[in-house]
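Quick note: numbers below take in every heavy atom, side chains included, and nothing from hydrogens, waters or symmetry partners.
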Amino acid sequence: MLRSIGKRSIYNVPNALTSIRFAMAIAVMALIPAGYFLAATVVFLVAASTDWMDGYWARKYGQVTKFGRIFDPFVDKIIICGSFIALVGVANSPVASWMATLVVGRELLVTSLRGMVEGSGKDFSASWLGKWKMVLQCAAVVASLIFLQYETAPSWLSFTTLGLVWGSILLTVYSGYDYTLAAARLMQDEPDEPE
């Protein structure tokens with residue numbers, strides 16, 4: 001055997017699936033500014049809806065790797081943050097630049113907190129609030145892409161899109177606040193670094 005037992009190769013099915021989702025995320029970011037909103041919607045839906053597959057496969061077949069544990073959430077963030085950023089540059093987009101900034105800022109904050117907490121040996125797994133935040137963000141991106149396919153969108157679609165976008169932003173901010181409190185509680189017993 002070329003690899004010693006106990007070491008898991010990063011060249012496995014879960015990481016291949018994650019790599020495909022990463023390529024789809026890049027495709028979405030290219031399709032949105034080019035005005036191919038229908039194609040962007042389809043690719044985004046496939047990328048977002050297959051998020052569970054790589055994790056499920058890794059756990060079921062014992063192919064969990066440190067690389068995969070980092071790469072999978074990274075791709076999730078690229079899909080969401082990249083889509084919000086790309087939507088900002090489109091005329092008549094329901095996503096404003098400050099909204100994309102909040103989404104990206106929240107992800108940077110939580111990633112930094114997770115690194116700090118888990119670096120001290122404590123668990124900082126994603127909460128249900130974080131998972132629902134991701135669902136609502138995906139719904140907001142899809143609704144925005146459908147909205148942009150119309151020259152004059154029906155009123156129900158306009159209201160639905162605005163509701164989902166604003167709802168996702170509010171939950172993004174609240175979940176960031178919740179994660180910050182959780183990190184503070186976990187780290188409050190840690191001694192300060194000597195100056």
Side-chain angles (χ1 to χ4, degrees), residues 7-30 32 40 43-87 95 99-142 144 164-165 167-187:
K7 286 188 177 180
R8 292 191 178 126
S9 171
I10 65 169
Y11 302 105
N12 56 31
V13 172
N15 290 339
L17 291 172
T18 306
S19 299
I20 292 169
R21 288 197 306 114
F22 180 68
M24 287 192 285
I26 301 301
V28 170
M29 287 185 280
I32 291 174
V43 176
F44 180 88
L45 280 170
V46 173
S49 62
T50 56
D51 176 33
W52 62 275
M53 288 179 61
D54 42 17
Y56 171 78
W57 187 291
R59 288 186 297 272
K60 183 173 181 179
Y61 296 104
Q63 296 182 341
V64 177
T65 61
K66 288 183 179 179
F67 175 77
R69 284 174 58 86
I70 296 170
F71 191 39
D72 181 57
F74 169 76
V75 171
D76 291 342
K77 289 169 177 54
I78 290 294
I79 290 171
I80 292 297
C81 294
S83 297
F84 268 86
I85 291 169
L87 284 166
V95 177
M99 294 176 172
T101 302
L102 280 176
V103 170
V104 174
R106 184 266 182 202
E107 298 304 335
L108 291 172
L109 173 64
V110 172
T111 299
S112 300
L113 291 173
R114 178 169 286 117
M116 180 179 68
V117 173
E118 293 190 347
S120 70
K122 297 177 182 178
D123 180 57
F124 198 65
S125 301
S127 67
W128 279 106
L129 188 62
K131 295 179 191 299
W132 278 110
K133 178 268 311 175
M134 175 77 169
V135 170
L136 200 54
Q137 286 176 337
C138 288
V141 170
V142 171
S144 298
L164 287 170
V165 169
S168 71
I169 296 303
L170 290 173
L171 194 54
T172 294
V173 172
Y174 181 70
S175 68
Y177 170 74
D178 185 66
Y179 272 108
T180 302
L181 288 182
R185 284 193 296 268
L186 287 169
M187 298 300 292

With side chains defined as the heavy atoms from C-beta onward, is the minimum distance between [X] and [Y] less than 4.5 Å?
X: Ile85; Y: Met29; answer: no
X: Met134; Y: Cys138; answer: yes
X: Val28; Y: Ile79; answer: no
X: Arg21; Y: Met24; answer: yes
X: Thr180; Y: Leu109; answer: yes
X: Val104; Y: Leu108; answer: yes

Can you name the nearest heavy-atom pair linking [X] to [Y], along with the distance?
X: Ile32; Y: Ala86; value: CG2-O, 3.7 Å
X: Val103; Y: Thr172; value: CA-CG2, 4.1 Å
X: Ala139; Y: Leu164; value: O-CD1, 3.8 Å
X: Ala140; Y: Phe84; value: CB-CZ, 4.4 Å
X: Gly176; Y: Val110; value: CA-CG2, 4.5 Å

Fill in: Test item: Ser168 side-chain N/O and Val165 main-chain N/O as donor-acceptor pair under 3.5 Å
yes
Worksheet item: Do Arg106 and Ser175 have side-chain atoms, one donor and one acceptor, less than 3.5 Å apart?
Response: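 Short answer, yes.
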